[in-house]
Structure formats: structure tokens, C-alpha cells
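Taking it in order: structure first as C-alpha cells, then the write-up.
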Amino acid sequence: MADAEEPEKKRRRFEDLTEKMAVDSGHRDSGCDWEGRWNHVKKFLERPGPFTHPDFEPSTESLQFLLETCKILVIGAGGLGCELLKNLALSGFRLIHVVDMDTIDVSNLNRQFLFRPKDVGRPKAHVAADFINSRIAGCKVVPHFKKIQDFNDSFYRQFHIIVCGLDSIIARRWINGMLISLLSYDEGVLDPSSIIPLIDGGTEGFKGNARVILPGMTACIDCTLELYPPQINFPMCTIASMPRLPEHCIEYVRILQWPKDGPFGDTSLDGDNPEHIQWVFERSQERAAEFSITGVTYRLTQGVVKRIIPAVASTNAVIAAACATEVFKIATSAYIPLNNYLVFNDVDGLYTYTFEAERKENCTACSQVPQDLQFPPSAKLQEVLEYLTETASLQMKSPAITTTLEGKNKTLYLQSVKSIEERTRPNLCKTLKELGLSDGQEIAVADVTTPQTVLFKLNFTA
Amino acid sequence: MAAATKGSKEQKYDRQLRLWGDHGQETLENAHVCLINATATGTEILKNLVLPGIGAFTIVDGHTVAGEDVGNNFFLSSDSIGKNRAQAATELLQELNSDVSGNFVEESPDKLLDNDPEFFHRFTIVIGVQLPESTCLRLGSVLWTASVPFLVCKTYGLLGYMRLVVQEHTVIESHPDNALEDLRLDQPFDEFKNHINSYDLTSMEKKDHSHTPWIIIVAKYLERWLSEHDGQPPKNYKEKETFRQMIREGMIKNDDGVPEDEENFDEAIKNVNTALNQTKIPSAVEDLFNSEQCSNITVQSSSFWMMLRAVKEFVYNEGNGSLPVRGTIPDMIADSQKFINLQNVYREKSLQDAAAVSKHVERLLQSVGKPVESISEKDIKLFCKNAAFLRVVRCRSLAEEYHVDSINKDEITSCMESPDSEMVFYLMIRAVDRFYQLHSRYPGVYNYQVEEDISKLKLCVNSLLQEYSLNVNIKDDYIHEFCRYGAAEPHTVSAFLGGSAAQEAIKIISHQFVPFNNTFIYNAMSQTSATFQL
């Protein structure tokens, strides 16, 4: 991470930040500390050592910085989030905010250890904050029962480091995009004080990964989008007429039979409603029997309908620990941070692999290079839409395509608002030429995967 | 158990039941785990065992809670300062999960070893945290004799260390990540052959042709190839390419001679490489067949070895040199009936093979005077299904690791050819243990000690290397760093080890997934790790 040519700038940034925050930091709260409380932490802050970061200077002030000034945002208060909050609090961090839009479910209790059966139904962020604050004296976790998209740049700007324990790639890309939008460039040179490090963790069963992202400097989420291949859904013809697996039978009921039969009135299928799952389970058994397929169980039904990913406490503990270690290293310059991606798997023994994920030269999120859209003028808008959603490096969900024509802003296609979708749907069958677009035209695309509009340049091919 | 309780447990544990099943969960709920020393590392390990619902735990700890203990430990509060650490931690760990029964013993493990070593025999696994070397070795010896698995864990500064000590740990359900399919295309059994013969690709309508499973397609073309090549299957890249081309030619063409879109044929072509794999017994399983426990079946033999012997007998008889057919096939483009019929061919064969293995199991049980019901059909079927993935982990004892005559010199020396290999941390941990033995304290605990302990620790390093005749070089930087650590136990490193160790314990308890063998080092400075067999 440390650029040999810019240690001065980084040291200045540390001091700038400390000074900047001294005014609005929390009050000194040494009253709740007891003798020896921070012994385990202090050894890494107050003693010189042979492997410390080149910027590191032993000092008694680093601990004060952690306790009183350093502001961390934890995104997600679930399997990773609970662990992260505990790890940060026990490493000296006190000014922590946590964002989570979910409420507690009984299936969370096997690993989200800040929650108890009595908390089911309550917002995760609130319960987690309460538990940490009451268990760890002096810690001031501020909860937000919100979506990350409910906040704008002024919210995110206040944090020194952001650490994520999300279960959605869309959300990851969004926060990634947000932090990139906060970067400021001075005549083409990135201002390091505008960088907010992003530590990202993910787990699935016995596998996990942890990565350090310095927006604008190291590989971002979108640079390595291919590491998250798109979720594969079963082909419709298999589901509709040629089921072979119990999963096919369940998908048939979920996608085709439920809308047709409309059980429980006109409600949509709610994976958290046991009655709904029971209905799907029974219909799936019937369908399976038709085709002599075995293996439909209630558990499988629920797993398919809710797209359940198995999870245990241990993997979350490992990945959150690795993430929190990196937060500590970056906040204190104690050691050189992970550069920049760690993979973990404990199915067979324990396996870790550490590598440097590379930036993509033309990354849609962080490269600042206007993206090229290469199409012949006879191509239909539909083809452009498919390109935006299906290309591995873009994987947009429901892009809204706009442009400027004759000085006016024109929406070419937008899916998320029904009336506009209906109005602009005919454009999909029109060619780019028919739509009045010209070579070199700038197209702006908005999507859930990014907080900022992505600019494309239309490049007409023969 | 009341239906309501069972239902709510199923809900609570749903996400983990999908990994180890109800039977795996049962082994956890019947387990009694012993934790020695409720330090941050210890309580983090236990947290990750209490949450998934182990039956019971007992914390053995003679220490009194100090201020610095509370600082890095989620399961101690400032109220606990001055209290016994085992008791204080038990309260807050117990609170995590009411299904689990927590106990504590306010005693040092050394005292227990003096007065009542058999105390440890009752446990499913003993986890020893931050133990001095002498206690480790004493405990290791008792547990080895009693065949109780022992997991040693240590967080030292930014290093995590784990050592698994188990004489023989059998795994039927190893759940391999990338298992090869068992399709028998190179040696189709009779029922499979008959099934293949029931297809005539040349006389099929397009709909059927395009929805014939790729396994059948490959089988058909393989038959043709074998007849044209003197019974020799495609061997090298060139031949496989030719074979693939043969299949490609088999795609239905439209009136203009252009091949139609037949996804099943595409699948066949894509799978040629793996489909042509020779059916053979994995060497790991062959080794098990040749082991002493398999050859020597007695009344004491575990069901694992009985079943393994039975499978071996099957291989030499009904199996004609192959393991029992696994019975599963991957999903593939096909219409429902063709797929189900093909699947049933494999399934029925696997049941047949399992029945044959059962007969051998019966015979073996009778030969040692055990009732035939000792091993259930269900268990035999599970064993046969996993026959290619069986694993046995045998760890050397601590005594062997530590003895001058049996230390794994080769492994240590060859790793240390890279002086920054994780092996250096193993040696440093051994060295600080030596320091502790000599000085009754760890190096650099107090600031003023850091500098002066460097030379003392260096002496310990040198005496360690000398005693074991290890011709390796340990950089001074590491000695300095280990004095700097001052035996600190930072929470995030404890938490990493907490997750790692807990999962290894779950593997031992459930006999699912494969435990490490036998030394694991985690380096939080570089976020790297290594496993050594010492």
C-alpha cells in the first residue's frame, strides 16, 4: 500500500484528519477504563518493531486516536457485522456506526451472537449496538436501521475507514461506487486525503474472503467483478416441461404455479412465511411425483425459494477477524495492510491464499475512463440493454439509459418506473440511428449497482 | 423432545444443518467439550461451539480475572475482575445458547493432572489454550493414552498456532469440493450396457435426439470408437479431439446440411475429457485397504474398519476391481424420462453393490462374534456412497514431535530454506516456551524488558536449535518481534484462531469434513497461513 514516494503525504493526512476530527470528536471518556484494559493493544502502538509500517511511530497518542477520534462505519449487522463490531470494540475503537436494513430472524441465531430469541423481529442494527454498548464499557456504537442507499456522500465522508459484511454484490458495488465518487483529483492527481479505505468481507458455508480496497488506488469491487460470476438460474424449458431434479420442481411451483393458482389471495410468495413454503412444498411433491423425481423436502423447498446460503459461526469469525485486523493496521499504521485479497476455505484442513487483485484499466467504476459502447447504427436499443446487463464486467440489473438530444435530456429506456417503462418500451425495437443518436454521443446509464451515473461514449462501427 | 422445541431448533440451526445434516448436528449435541483457560482465544473458540449447539462444555481455569483479561475478552466484564476466570466466562458463554449446558472447574490443569488425570477422559475433545509446554506435554500424554482428541491453541502477538493431536480419526463424509463423477463409461456394468443398447441414435426423432443424456451419447460413440480402434479408448489430445469431432458429426443436420442446435451434444463434447477418465480406486483408499486396521479385523475393530474391509472384499469379488457404484449422476440436458431412467440405472446398481457389501459386513461381524445389527444398512449405504472419499487422519503425538530422536527435522529444515516461511514462527513459539520454562515469564511483557530480553530469548532460540541439531538460521528481526509482542493476545488474532479451532473441533466431533494434520500457523501481519505435519 505505502507508495514510497508519498509517505510524507500520508503522515500529513493522518495529522490533518486528527486535527480535523479533534473539533467534532467525542468527549474524553477515560472514566470507564480500568487498569490494564488496553495492555494487549498498547504493545502494538507504543513499541517500535522490525516489521511495522514505514509510517509507524510508537506513541501513546495512537490509542487515544482510536478511543476518541477514529470513526469506523460497519455495514451489515449480521453474521460478519456482529463479529466486526465485537472485534473493533475490543481493539480500542469506540466511535462506530452500523447500518443494517434487516430485522432479526430465528435462523440468524446460530451465528449472529448479539441477538437472542426475544429479539426476533427487531432491527439488527439497534439490537447489535445496544449489546455492544452494554457489554463493552465506553463503546458508542450508533445504529442505523436503514439501507446504505438512504445515505448520501456527506454521511460517508465522516468515516476514516469503512468495513463491510454484506450479503449482496449489488450493495457492495454501490458502496464501492459511493467511495469512488468521494475521490477528488487535483489536476489529474488523486488527493490521498479523499481516500476512505474499504475493507470488504464475504462468506459462504466454509469459504470466505477478505479484501482491502483503497478507492482510486487499488483494485475495486468492479475491477474484479468476474470473481463473482452471475447467479445461474435454471432454463425455463427445463422448469416448464423437462424437470429432472427436485429443484426444478420447486422452481416450477414458485415461478409458474404460484402466480397461476394465487393461493392466499393475490399475495406474492413470501419465503419467510411457513404457510407459503408449505404450500410450495406440497405442490412440488406433486409435480415431482408426476415425473418420478425423488428428493423434494421441506428444507430443500425453503432453500430454493429463499436462495438460502448455508452459514456457520466459525467462517464468519475468521473472516471478520481478518477484516478487523486490517482496520486496525490501517487506522494505526501499525503494519503494512493486506495487499489486497485473502481467500479462506476450511473444508479440507485450513487453506488460505493471499494475492494482489489487479486494477482493471478500463474499470467502469474506478478507471475514470469513459466507457466505450461499440454498436452499428443499425443496432437496436435492445441490444445495448442486453450488453449492459449481460457483459461480465458490467452486470447491470435494470439500467436506465438517458442521453442529451437537441440540448434536452431524453430518457431512452427506464425499467423501474412503470409509466416510463411503458412509454419508452417501443424504443427498444428502434435502431440507434432511428433514435437520433450519433457517433461519439454520450450516453448516461444509471443502475442500482452504482450510486453515480456511468458515462458511455457511443462508437459507431461499420 | 417436544415437537415445538425440535421445530424451533431446526429453524435456529437451519443454516448449519444444510452443511452437516441432522446426523451431524446430533453428534454435536452429544458432545462435551473441555476448554482449558478462558482467555480471549479460549472464549472465542468456545463461542463458536456454543452457538452451533454442542451438548455441554466445561471450562478448566485456575486463574483469577485481571484487568487486561477483560480488555480483550468479550466474555468477561469489569465486574469479573478478581473472580475465578472459569466461572466468570462460563456465565457469559452459557448465555449465548440455552440449549447448551455450561460447567466450570476452578482449578489449574496441572493440579488436575496431579490429582485426577482421569477427569479428562469424559470429554469428546479437549482444547488447551495458552498452555505452557510442560502442561501441554503432560496433558498430551494422558489424552493420547485415553484416545481423547486434543487441540492445542495459542495466540502469541500476531501469530496463531494450532496443533491437533489425534491418533486415528476416520472420516466417511469428507464432502470433497470437486469430486469426479462415477460414470463407469470405461467399464459399463451389464445393466448400463443394456440401457445404452436400448437407444438407437440413428433412428430417433429430433426431439428425442436432442434430449438424450450426454452420457448415452458418449457411451454410443465410445462403442463405435472401440470397435474401430482395437478396443483402445482415445488416449491423447489428438485422439480425444478426433473423438469429439465424431460426436460433433452426429448432430442432426437441417435440410441445408447445417448442424442444428443440440445442447446435449455440446454437453457431450464438453465432457469428453472427464468422461473418458479411467475408473480406478483412489490411492488414498488403496492405502486404507493396505493398512493394518483393515487387514486385522477383530471384535474391537470400529465399524469404519469393518465396512472398509467389507468394501475391500467386494472390490476383489463382485466389484471386479472397482468400488461400489456411487449411484449419482450430474444434471444434464435431457427430457425427464430419459434422465430419470438413466439415473435409476446407476441408482439400482449402487443399491445392488451396497447389498453385496452388506453381506460381507455380516460375515465379518459374525466372524468376530458381533450381532449383525451392529452396523445398520443406512450406515453401509452412506459408506458405499462415500467409498472414493474416505479419509483417515493420523497425527503424531506431542511426545514424538518434541523428542530429539523423532522430531521432524527434514520438514523444519526444508521449510526454513526460505527464512521467512511460517515455520520460523513455529520455532519462535517453541523458543518462547523455553524462555517461559527458564524464567517463569514470557519475554518483553513489560516495556523495560523488551530490549534486555532480546538477548535472553536469542539464547533460548540457540539452545533449541542446538538441542535438536537444527541447522537453520532465524533472523534477529523475529527474535526482536517476539520480545515486542510481550505475550500479547490481541483480540482479532484470537478471533481468527477462535473460528479456525472451533471448526476443526466440529470436524473431530462430527467426523465430517477433513481436519488439518497437524500444525497450523496463522500470520496476521501478512494474512498468510501454513500447515505442517510435525
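Chain identifiers are assigned alphabetically (A, B, ...) following the order of the sequence lines, protein sequences preceding nucleic acid strands; residue numbering begins at 1 within each chain.
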In terms of heavy-atom pairs under 4.5 Å with chain A, which of [options] leads?
| options | answer |
| --- | --- |
| B/A334, B/G498, B/G53 | B/A334 |
| B/S336, B/S529, B/A501 | B/S336 |
| B/Q337, B/E489, B/Q512 | B/E489 |
| B/S98, B/G444, B/P176 | B/G444 |
| B/C483, B/A524, B/A502 | B/A524 |
| B/V493, B/L497, B/I333 | B/I333 |

Measure distances from [X] to the heavy atoms of chain A and classify the residue's part below 4.5 Å as side chain, backbone, both or neither.
| X | value |
| --- | --- |
| B/A66 | neither |
| B/T531 | side chain |
| B/I506 | neither |
| B/N517 | neither |
| B/S526 | backbone |
| B/E44 | side chain |
| B/V450 | side chain |
| B/L96 | both |
| B/N72 | both |
| B/F482 | neither |
| B/V445 | both |
| B/M332 | backbone |

Which bit of [X] comes within less than 4.5 Å of chain B, counting heavy atoms only: side chain, backbone, both or neither?
| X | result |
| --- | --- |
| A/P235 | neither |
| A/T315 | neither |
| A/N345 | side chain |
| A/L114 | side chain |
| A/L350 | both |
| A/I132 | side chain |
| A/F234 | neither |

Based on non-hydrogen pairs under 4.5 Å, which of [options] is most in contact with chain B?
| options | result |
| --- | --- |
| A/F291, A/W38, A/F44, A/F344 | A/F44 |
| A/R47, A/R37, A/E35, A/K43 | A/R47 |
| A/L342, A/L245, A/L109 | A/L245 |
| A/G349, A/P50, A/A317 | A/P50 |
| A/A137, A/A334, A/G303 | A/G303 |
| A/S91, A/A311, A/P310 | A/A311 |

Give a yes or no on whether a salt bridge exists between [X] and [Y], defined as a side-chain N under 4.0 angstrom from a carboxylate O.
| X | Y | answer |
| --- | --- | --- |
| B/D335 | B/K338 | yes |
| A/E83 | A/R111 | no |
| A/D346 | B/K507 | no |
| B/E95 | A/R116 | yes |
| B/D177 | A/K207 | yes |
| B/R15 | B/E10 | no |
| A/K42 | A/D33 | no |
| B/D14 | B/K9 | no |
| B/D331 | A/R244 | yes |

- Exercise: identify the closest heavy-atom pair between A/I136 and A/A89: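 For A/I136 versus A/A89, the nearest heavy atoms are CD1-CB, 3.6 Å.
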
- Query: Would you say the ring centroid of B/F513 lies under 6.0 angstrom from that of A/F206?
  - Reply: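 Ring-ring flag for B/F513/A/F206: true, centres closer than 6.0 Å.
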
- Message: Evaluate A/D167 against A/R307 for salt bridge (Lys or Arg N to Asp or Glu O under 4.0 Å), listing each step before the verdict.
- Response: CA-CA 12 Å; A/D167 59 0; A/R307 298 283 197 262; over 6 Å; no

Do [X] and [Y] get their side chains close enough for a donor-acceptor pair, meaning under 3.5 Å?
| X | Y | result |
| --- | --- | --- |
| B/D22 | B/Y13 | no |
| B/H491 | A/N87 | yes |
| A/T52 | B/R484 | no |

- Message: Less than 4.5 Å apart, side chain to side chain, heavy atoms only: is that true for B/R163 and B/F520?
- Response: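 Not touching, per the 4.5 Å side-chain cut-off.
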
- Have a look at B/F425 and tell me which of B/Y522, B/Y156, B/Y478, B/Y485 forms a ring-ring contact (aromatic ring centres under 6.0 Å, His included) with it.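 Exactly one pass, corresponding to B/Y478.
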
- Message: Using the rule given for side-chain hydrogen bond (donor to acceptor under 3.5 Å, both in side chains), can you reason through B/T528 versus B/E422, listing the C-alpha separation, both sets of side-chain angles and the distance that settles it, and then say yes or no?
- Response: CA-CA 8 Å; B/T528 54; B/E422 275 80 11; 2.6 Å; yes

